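All remarks here apply to the structure that follows.
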Amino acid sequence: MLQLRSVTKRYGSLVALNDVSLTIARGEFFGLLGPNGAGKSTLMSLVAGLRAPDTGSLTLDGVPITAADPSTRVTLGLVPQHVALYPELTADENLRIFGALYGLRGADLRARIDAALEAVQLTDRRRDPVKAYSGGMQRRLNLVAALLHRPKLLLCDEPTVGIDPQSRNAIFEYLERLNRDGLTIIYSTHYMEEATRLCSRIGIIDHGKLPALGTLDELLAQLPFEEEIRFPATAATAPLAAQLASRGECTSENDTHRFRPHPEFKLSAFFTLAESHALPGRLFTSQRPSLEAVFLHLTGRNLRE
Ligand SMILES: Nc1ncnc2c1ncn2[C@@H]1O[C@H](COP(=O)(O)OP(=O)(O)O)[C@@H](O)[C@H]1O
Ligand SMILES: [Mg+2]
């Protein structure tokens with residue numbers, strides 16, 4: 001449905017997207033996972049036709065994406081990273097404006113607005129000005145505003161930043177339902193939990209590049225280890241941690257060591273080593289690594305930095 005070929009975008013001397021190629025199939029729930037400044041919003045704005053790439057091409061159903069082409073606008077919905085609503089106006093009034101931009105009016109528009117407000121549980125607040133809404137309510141309205149014209153591809157740019165868990169869940173469930181009903185979604189986030197829960201395929205983005213792309217399982221399979229071992233960082237475990245450095249990656253955070261063994265360093269050898277330091281087995285937990293580990297492995301940085 002969507003194809004990016006060797007797309008590069010610069011702002012002056014800053015390369016915001018660096019030779020990015022990507023294909024998204026109809027029906028995908030695609031996650032763009034990366035920290036602040038990675039290039040997520042830039043990629044979204046290019047797909048939405050709001051900006052043009054310096055080099056490379058973007059096509060939607062085989063047709064080049066350009067801001068001038070109205071078919072791009074009709075096929076796409078963009079939920080911008082920053083809430084784009086009129087604060088003085090009510091939810092109803094905001095949605096009427098968004099609908100009118102897409103040529104919707106009359107009974108059809110009213111029915112779509114009713115359904116949209118119902119879907120994100122804002123019906124009883126529809127006549128209140130948006131400035132009186134909580135952040136989560138504004139985010140929910142911002143989302144349905146992009147859907148009134150029933151696009152085939154929805155771009156969600158960090159739609160849950162800074163909202164309460166209840167609104168976050170409402171947004172997740174709504175997006176999952178839309179995707180089941182056939183909507184293709186590109187969802188950007190810096191929360192690996194969101195990408196893990198929602199997305200059928202994930203692209204890791206960092207410094208304008210996509211160093212990895214695949215399903216969660218495919219991304220985890222890129223790691224040179226299958227288990228992560230955690231144990232408390234104390235004076236007693238310090239000598240062990242020091243020895244592990246040459247046998248894998250050992251990092252520590254919040255008083256916990258995380259050890260990712262090199263493939264040739266087996267779990268049995270690990271416990272022999274722990275025993276030689278007189279450390280009991282109950283100190284150690286092993287778990288399947290997360291996307292955080294994939295990000296660290298690929299970029300050498302933590303997602304949260
Ligand atoms: N309009 C702009 N002018 C100059 N630099 C920009 C502009 N928009 C973004 N950037 C820079 O481009 C890089 C990518 O930004 P952005 O796409 O917003 O990343 P993300 O959405 O992943 O946080 C960042 O270094 C950012 O500072
Ligand atoms: Mg952004």
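From a predicted model like this one, the values you see are computed outputs, not experimental measurements. As the structure lists them, so they are numbered: ligands from 1, and atoms in each ligand from 1.
A salt bridge links E88 and K131; the closest N-O separation between the charged side-chain nitrogens and carboxylate oxygens is under 4.0 Å. Using a 4.0 Å cut-off between charged nitrogen and carboxylate oxygen, E28 and R26 do not count as a salt-bridge pair. Ion pairing of K40 with E158 is present here, as a side-chain N (NZ or NE/NH1/NH2) and a carboxylate O approach within less than 4.0 Å. Using a 4.0 Å cut-off between charged side-chain N and carboxylate O, D108 and R112 make a salt bridge. For the pair D114 and R126, the salt-bridge criterion is met [side-chain N within less than 4.0 Å of a carboxylate O]. Ion pairing between a basic and an acidic side chain is recognised when a charged N comes within 4.0 Å of a carboxylate O; D217 and R288 show such pairing. Classification of E264 and R247 as a salt-bridged pair fails, no side-chain N sitting under 4.0 Å from a carboxylate O.
Counting protein heavy atoms only, atom 18 (O) of ligand 1 is closest to S41 CB, 3.7 Å. With hydrogens left out, the protein atom closest to atom 24 (C) of ligand 1 is G37 O, 3.7 Å, a heavy atom. Looking only at heavy atoms of the protein, atom 17 (O) of ligand 1 is closest to T42 OG1, 2.6 Å. Counting only heavy atoms of the protein, atom 9 (C) of ligand 1 lies nearest to Y11 CE1, 3.4 Å.
Distance check for atom 4 (C) of ligand 1: a protein heavy atom is found below 4.0 Å.
Taking backbone and side chain together, N36 holds no N, O or S atom under 2.8 Å from the Mg ion (ligand 2). Inclusion of Q81 in the first shell of the Mg ion (ligand 2) is supported: an N, O or S atom falls under 2.8 Å.
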(Q) Show, in sequence, the C-alpha distance, side-chain angles and deciding distance for Q3 and T59, and conclude whether the side-chain hydrogen bond (donor to acceptor under 3.5 Å, both in side chains) test is met. (A) CA-CA 5 Å; Q3 190 145 40; T59 54; 4.5 Å; no
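Under 4.0 angstrom from ligand 1, there are no non-hydrogen atoms of D157. Heavy atoms of R51 found under 4.0 angstrom from ligand 1 belong exclusively to the side chain.
At least one heavy atom of P35 sits closer than 4.0 Å to an atom of ligand 1.
Listed by number with element, the atoms of ligand 1 under 4.0 angstrom from any heavy atom of A16 are 12 (O). Residue L14 has at least one heavy-atom neighbour below 4.0 Å for each of these atoms of ligand 1: 11 (C), 12 (O), 13 (C), 25 (O). Every atom of ligand 1 with a heavy atom of N36 under 4.0 Å away is listed here by number and element: 23 (O).
A cation-pi contact, defined as under 6.0 Å to the ring centre and within 45° of the axis, links R168 to Y191.
Nearest-residue assignment for atom 19 (O) of ligand 1 (options G34, S13, G39, S45; heavy-atom criterion): G39.
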